Protein chains: 2
Amino acid sequence: MAQSDTVDRILDAAELLFAEKGFSETSLRQITSKAGVNLAAVNYHFGSKNALIQAVFARFINPFTRLLRDKLEAAAADKNDISLEALLSIITSSILEVPGRNHRGLSIFMRLLGLAYTQSQGHLRKYLEQQYSEEFRLFMRLLKEATPQLTPVERFWRIQFMLGATAFTMSSTEALSDILEKEMGVRQPIDEIVKQLVPFLASGIQADHLNASPALRKVDGGKVQ
Amino acid sequence: MAQSDTVDRILDAAELLFAEKGFSETSLRQITSKAGVNLAAVNYHFGSKNALIQAVFARFINPFTRLLRDKLEAAAADKNDISLEALLSIITSSILEVPGRNHRGLSIFMRLLGLAYTQSQGHLRKYLEQQYSEEFRLFMRLLKEATPQLTPVERFWRIQFMLGATAFTMSSTEALSDILEKEMGVRQPIDEIVKQLVPFLASGIQADHLNASPALRKVDGGKVQ
DNA sequence: GTCTGTTTGAAACATACGTTTGATGGCGGG
DNA sequence: CCCGCCATCAAACGTATGTTTCAAACAGAC
């Protein structure tokens with residue numbers, strides 16, 4: 001049994017269980033027993049549980065960011081400004097094209113991303129920002145060029161809205177797909193979900209904030225607040 | 001010291017800690033020591049940790065749903081179909097009007113809601129769905145009437161997107177406000193953030209999936225895709 | 001074949017958790 | 001006054017966790 005076999009089996013099992021139940025809720029004993037390896041193997045090969053989490057994460061995000069950076073740089077090199085939907089599609093297609101990974105890696109990544117952002121004292125956020133600040137800044141620049149009509153403050157918040165919609169949905173695609181199938185008898189692969197996401201985000205980020213008020217007044221009659 | 005004092009102090013401490021670190025990551029010992037009460041008090045007053053989690057929820061969500069139901073029923077009684085933005089505003093204004101809760105309470109609640117969906121806190125989801133299925137269904141009906149052009153599957157996913165954008169943003173308004181202030185020197189109260197959210201959601205849920213929206217083409221000059 | 005460094009194995013470790021127990025204190029009604 | 005009830009407390013319970021230990025098994029090099 002090659003050395004990498006144990007490592008990969010641990011990563012596979014951990015990926016499954018993390019996506020299914022979360023990080024704190026998954027024990028090393030569950031992981032190692034599902035992987036069919038000894039309990040001590042995790043600490044031997046990875047050092048700690050936190051390091052295992054980061055390794056599971058890295059296995060997905062490294063190929064992903066490689067794809068993403070190539071596409072972003074190609075887009076940046078274009079003489080014309082990139083369109084908003086094209087920019088968002090770059091991200092989603094990069095996610096879907098990560099080689100060798102099924103959609104579970106995506107769930108893991110999004111879950112971690114959400115945790116890193118919302119958890120105030122997480123060890124993950126620093127890891128993320130230091131590791132991928134370059135791609136992050138490039139994406140921000142292109143997004144700014146694609147939405148010149150927005151004020152910086154508007155853009156700031158709408159980026160958060162987009163990130164929230166994406167992270168929240170993608171981190172629980174399995175559970176949501178199950179609900180959808182049970183209620184409507186339709187089973188959708190993750191590609192379809194992601195494709196639904198792009199127009200929602202593109203339309204949301206470009207919303208005109210001025211036209212909200214009149215429609216609002218019609219029903220609430222100004223008794224809001 | 002009144003008998004309810006211990007209960008409230010536990011609820012206050014648990015609310016803060018749950019929002020800060022998550023459910024599994026927060027121990028009863030941390031809660032009781034922050035609250036300045038005995039460890040056994042939680043099991044004495046609430047029965048179990050899960051019951052405490054539900055109690056923390058109930059303290060916010062009960063007044064909220066009371067407000068929400070009243071407004072939704074008033075809207076449903078109207079002879080005209082309610083507009084989408086008005087419908088979304090009903091939710092946001094109900095959230096902001098919950099009595100006795102400051103904005104921090106809102107952040108905490110949203111974070112808890114996100115965690116309930118994201119972390120596999122199965123007992124929480126069932127609790128929420130069973131407890132508030134009536135308001136949920138009423139909202140769904142009104143939303144369906146306000147978005148007749150959507151297929152059920154489209155509507156299902158876009159509701160998830162909306163929930164994600166809302167929960168994610170609202171759960172970390174403090175941290176995000178700090179970032180915004182540091183980077184742009186602007187401080188926004190939570191009401192302003194919520195007001196920014198409504199047009200984003202309304203525009204997103206109505207996005208045309210076949211093509212880029214007209215507003216989008218206006219900017220991109222039709223070179224989408 | 002023997003040696004050497006690496007990987008696995010079963011078991012134990014220390015710690016933290018949620019929960020339960022039984023004693024103690026205080027308060028109001030009889 | 002004392003009884004019964006309720007809330008609090010320190011302590012312990014049983015269990016589960018991440019991690020460490022150390023011997024055994026293995027692989028490849030010479």
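Chain letters run A, B, ... following the sequence lines, proteins first and then strands; every chain starts at 1. As the structure is a prediction and not an experimental result, all values here were calculated from the model.
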Does a side-chain N or O of His45(A) approach OP1 or OP2 of dT8(C) to a distance below 4.0 Å, or not? yes

> Counting only side-chain N and O atoms of Thr6(A), is one of them less than 4.0 Å from OP1 or OP2 of dT7(C)?
Replying inline: no

Q | Contact check, side chains of Val37(B) and Ile10(B), non-hydrogen atoms, under 4.5 Å | A | yes

(message) Do Ile159(B) and Met140(B) make a side-chain contact, defined as non-hydrogen atoms from C-beta onward lying under 4.5 Å apart?
(response) yes

Tyr44(B) OH to dC5(D) P, in whole Å, measures 12 Å

Next on the checklist: Between Gln160(B) and Thr169(A), does the side chain to side chain donor-acceptor pair (under 3.5 Å) criterion hold? Intermediate values first, please.
Outcome noted: CA-CA 6 Å; Gln160(B) 305 304 326; Thr169(A) 308; over 6 Å; no

For nucleotides 11-18 of chain D, 5' to 3', base contacts (B), sugar-phosphate-only contacts (S) and non-contacts (-) with protein non-hydrogen atoms under 4.0 Å give -B----BB

From the list Leu84(B), Leu142(B), Leu87(B), side-chain contact (heavy atoms from CB on, under 4.5 Å) partner of Thr147(B) resolves to Leu84(B)

Nearest heavy-atom contact between Trp157(B) and Leu180(A) is NE1-CD2, 3.5 Å

